[in-house]
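In what follows, a structure is listed as structure tokens, so that the remarks can point back to it.
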Protein chains: 2
Amino acid sequence: MPNVTERLTPRAREIVEAARELLEQEGAEGLTMRRLAEQLGIRAPSLYKHVPDKATLEVAIIATGLEDLAAALDAAVEGAAEPLAALTVAYRTFALSRPHLYRLMTDRPLPREHLPAGLEDRAAAPLLRAAGNPTRARAIWAFAHGMVLLEVSRRFPPGADLGPAWQEGITAFQADASRSSRKVGTE
Amino acid sequence: MPNVTERLTPRAREIVEAARELLEQEGAEGLTMRRLAEQLGIRAPSLYKHVPDKATLEVAIIATGLEDLAAALDAAVEGAAEPLAALTVAYRTFALSRPHLYRLMTDRPLPREHLPAGLEDRAAAPLLRAAGNPTRARAIWAFAHGMVLLEVSRRFPPGADLGPAWQEGITAFQADASRSSRKVGTE
DNA sequence: GTCTATAGTGGGATAGAC
DNA sequence: GTCTATCCCACTATAGAC
């Protein structure tokens with residue numbers, strides 16, 4: 001299983017695209033080779049002429065998701081007055097608009113050996129820049145990730161207003177940023 | 001499917017206990033009625049004399065996990081000089097020592113109708129007290145939840161030192177707490 | 001409380017023809 | 001590039017005997 005997004009035949013690309021749609025409509029359990037074939041109007045065994053197995057297909061889906069995330073975050077910081085706030089909003093929007101893809105992307109260790117080189121770094125770069133150092137970037141990522149997952153898993157009490165909670169975290173980390181840059185500069 | 005932890009026969013309790021162990025050893029996919037029976041030295045159909053179905057069993061597992069979490073957090077705050085720091089440490093310890101149970105507890109909406117009354121509130125109370133208001137409690141919870149999940153999913157870069165990231169978040173929210181209590185008091 | 005037998009469903013994947 | 005036929009696996013759950 002070599003790098004996945006590269007050297008994908010056009011037909012394979014269509015299959016990955018259909019798989020993403022199916023995943024989003026039906027969730028991870030609904031993503032089966034049989035249903036995917038059905039969505040494409042073919043039989044399941046035909047898929048194996050274009051994709052070696054289901055695991056490879058999932059890696060390809062994850063790769064497209066990371067590409068999209070990187071693009072969304074890049075667009076969000078561009079010329080933003082408050083990069084941290086802009087990034088968290090974009091991150092939340094990304095995740096809530098494709099919750100099942102987001103889960104697939106974060107549920108498991110990244111299949112780094114099978115991802116295009118530099119992709120993970122590209123997706124992480126905007127936040128790393130806004131946060132100033134890896135430690136703060138990780139803390140802020142964790143906050144956003146936790147908010148998003150608790151939101152899509154509907155684990156907060158029903159009716160909880162989450163806007164203020166997001167704002168609370170953003171404010172806390174912004175203040176922390178100025179305080180810690182006074183103290184230690186960048187890491 | 002009525003409230004689950006109450007009115008469990010002794011044999012049913014043993015089954016739930018074995019299920020928790022199996023879950024932790026094998027992960028959520030390894031928790032099947034067949035394997036559970038095997039662990040107990042019986043056949044799968046025999047389980048159904050004691051437990052109505054698998055969904056009920058999962059709810060019972062979640063309930064025991066919430067009980068344990070509530071107890072761990074209560075113990076952590078008791079007499080702690082820095083309740084917020086103590087709580088995050090206890091939360092992390094809880095989750096990392098039973099990652100699959102933790103996932104099961106947070107993956108999906110809480111089955112509130114089938115949980116003992118007040119259990120969710122009991123588990124949430126220590127953080128709510130330490131945070132001062134629900135909004136901040138939610139933000140801090142999200143931070144801890146995100147850290148824990150990224151940690152157990154091994155999504156951080158390999159070798160990343162996560163102690164500083166935890167500290168960063170704790171510090172940020174502690175500072176935020178004093179600032180916002182000056183401004184608005186409790187919610 | 002446990003068993004055997006079994007129903008019913010659905011999954012990933014391969015062989016080989018067209 | 002797609003098909004049919006098929007294998008083999010695993011799962012939840014029920015019926016009914018002991």
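Both backbone and side-chain heavy atoms feed into the values below; hydrogens, waters and symmetry mates do not. So you know, we letter chains A, B, ... as the sequences are listed, proteins then strands, and number each from 1. Owing to the predicted nature of the structure, the values given are computational and were not obtained by experimental measurement.
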query: Would R136(B) and E168(A) pass as an ion pair if we require N to O under 4.0 Å?
result: yes
query: Is any NZ, NE, NH1 or NH2 atom of the basic residue among R35(B) and E38(B) found under 4.0 Å from an Asp or Glu carboxylate oxygen of the other?
result: no
message: Tell me whether R154(B) contacts the main-chain N or O of P109(A) through its side chain, where contact means a donor paired with an acceptor under 3.5 Å.
response: no
query: Would you say the side chain of Q39(B) lies within less than 4.5 Å of the side chain of Q25(B), judging by non-hydrogen atoms?
result: yes
query: Taking the side chain as C-beta and beyond, is there a heavy-atom pair between L40(A) and L36(A) under 4.5 Å?
result: yes
task: Side-chain contact test, heavy atoms from C-beta onward, threshold under 4.5 Å: evaluate it for E58(B) versus L23(B) and give yes or no.
output: no
Within residues 37-49 of chain B, residues whose heavy atoms come under 4.0 Å of DNA chain D: P45(B), Y48(B), K49(B)
Backbone of V16(B) reached by a side-chain donor or acceptor of R20(B) within 3.5 Å: no
- request: Under 4.0 Å between any heavy atoms, over every strand shown, what does R11(A) touch: base, sugar-phosphate, or nothing? Just pick one.
  value: sugar-phosphate
task: Please find the earliest and latest nucleotides of DNA chain D, in the 5' to 3' direction, that have an atom within less than 4.0 Å of any heavy atom of chain B.
output: dC11(D) to dG16(D)
statement: To the nearest angstrom, the CD-P distance between E29(B) and dG11(C) comes to 15 Å
query: Can you find a heavy atom in the side chain of I170(B) that is under 4.5 Å from one in the side chain of E82(B)?
result: no
task: Starting at atom CG of D53(A), determine the distance to atom P of dG11(C), rounded to an integer number of angstrom.
output: 17 Å
